[in-house]
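By convention in this document, chain letters (A, B, ...) are assigned in the order of the sequence lines, proteins followed by strands, and residues within each chain are numbered from 1.
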Amino acid sequence: MPELPEVETVRRGLEPALVGERLSKVTIRRPDLRFAFPPRFASRLAGARILELRRRGKFLIADLDSRESLIVHLGMTGRFLIEGTPAAEGSGSASLAKHAHVVFETDDARIIFEDARRFGFMDLTLTARLPDHPRLASLGPEPFDDIFAEPYLAKAFTGRRQGVKTMLLDQAVVAGLGNIYASEALHRARIAPEKPAGAIGKAARSRITPAVRAVLEEAIAAGGSTLRDFAAANGSPGYFQHSFRVYGRGGEPCGNRGCRGRIRRTVQAGRATYHCPLCQK
DNA sequence: ACCACTACCTGAAGGC
DNA sequence: TGCCTTCAGGTAGTGG
């Protein structure tokens, strides 16, 4: 499910329910997601107040007044639902869904983490140690960081024969892109996804940053994309999926100005990839 | 170091 | 309706 725009949408949806609030109770309903929860996960969280909710790549990070930070990755199917408490809601809260694995309670709400496939994970670490956390330490720059520009890509791509789309999926190269937005960005940049990264010229390389930023900005503004059942924490779906130009559009006409090509679906590094063979070179 | 491939887990959707 | 196969936005680990 979630790439950078969806994670950012979730972050914004959770912010009002969590930031400044104290976690009165946390319950885990199984010992692991993708990985085991860290020791005493629930008790370390209970009683802590959330100071800030941030995003790094596809990670959510909640800084707590206990000097620890909660790290959350949504995997493919992770999502948060916000419910008012029984008292606030009157009718009482609905029973938990089958894949509701973690329940966070504040004075005002219940925030439920569901993850059918359990590719998500959570961890706790001292806030001061966040930069050293193994899952965060290897992340590349944020797409909106100044450093994410042509000279950086030139360095990252040098000598690499791997397709540029696969490189953009590498979170160590740039943090937050996933299968959809990598395809979309390369279509906008008119670069073939399977083109070896090291073989891309400077002019084309210069088109990558603006293309990536444009598609991410538009997607965030649209509240992310809704495929299957993804929904923001407030329950409203994103609608950027209607703005996909290539993803899931095999056989359809290419939308790039002046191009008469048709979008093709291929498989690259085991992932579905969409591009226009005519205008993406 | 690099790169291709597999595994992880469940549900939805399509073909028959 | 039901069974079977394929596919899915994620990362991590293995082995060449």
Peer 1: Taking CE from A:M76 and P from B:dA12, how many angstroms apart are they, rounded to a whole number?
Peer 2: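 Checked: the CE to P distance equals 14 Å.
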Peer 1: Under 4.0 Å from OP1 or OP2 of B:dG11: is there any side-chain N or O of A:K98 that close?
Peer 2: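 Answer yes for this pair, as a side-chain N or O of A:K98 is under 4.0 Å from OP1 or OP2.
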Peer 1: Taking atom P of C:dA8 as reference, at what distance in whole Å does atom CZ of A:R271 sit?
Peer 2: 8 Å
Peer 1: Heavy-atom nearest nucleotide on DNA chain B for A:R117 versus A:T158: which residue maps closer to 5'?
Peer 2: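 Nearest nucleotide further toward 5': that of A:T158.
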Peer 1: Is the ring pair A:F240/A:F244 parallel, tilted or perpendicular, if the boundaries are 30 and 60 degrees?
Peer 2: perpendicular
Peer 1: Please give, in whole Å, the distance from B:dC8 P to A:F35 CZ?
Peer 2: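 These atoms are roughly 13 Å apart.
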Peer 1: Give the rounded distance in Å between these two atoms: CZ of A:R135 and C1' of C:dT11.
Peer 2: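 Spelled out: CZ on A:R135 to C1' on C:dT11 is 8 Å.
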Peer 1: Between A:Y181 and C:dG9, is there a side-chain N or O to OP1/OP2 distance below 4.0 Å?
Peer 2: no
Peer 1: Does the ring of A:F119 meet both stacking tests against the six-membered base ring of C:dT11: centre distance under 5.5 Å and plane angle under 30°?
Peer 2: no
Peer 1: When the distance from CG of A:L139 to P of C:dA12 is rounded to whole Å, what number comes out?
Peer 2: 9 Å
Peer 1: Examine A:H101 together with A:F113 and report whether their ring centres are nearer than 6.0 Å.
Peer 2: no
Peer 1: Using a 3.5 Å limit on both distances, find every run of at least three consecutive Watson-Crick or G-U pairs that involves DNA chain B.
Peer 2: B:2-8 with C:10-16, B:10-16 with C:2-8
Peer 1: Does A:R118 make a side-chain donor-acceptor contact with the base of B:dT10, cut-off 3.5 Å?
Peer 2: no
Peer 1: Between B:dC2 and A:Q162, is there an OP1 or OP2 to side-chain N/O distance shorter than 4.0 Å?
Peer 2: no
Peer 1: Is a donor on one side and an acceptor on the other found under 3.5 Å between the side chain of A:Y274 and the backbone of A:I180?
Peer 2: no
Peer 1: When the distance from CD of A:Q268 to P of C:dA8 is rounded to whole Å, what number comes out?
Peer 2: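 So the CD-P distance, A:Q268 to C:dA8, works out to 14 Å.
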Peer 1: Between C1' on B:dT10 and CZ on A:R79, what's the gap in Å once rounded to a whole number?
Peer 2: 14 Å
Peer 1: Side-chain donor-acceptor pairs under 3.5 Å in residues 189-203 of chain A, sequence neighbours left out?
Peer 2:
unit_1	atom_1	unit_2	atom_2	d
A:R190	NH2	A:R257	O	3.1

Peer 1: Nearest whole Å is fine: how far is B:dC8 P from A:H101 NE2?
Peer 2: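 Going from NE2 in A:H101 over to P in B:dC8 covers 17 Å.
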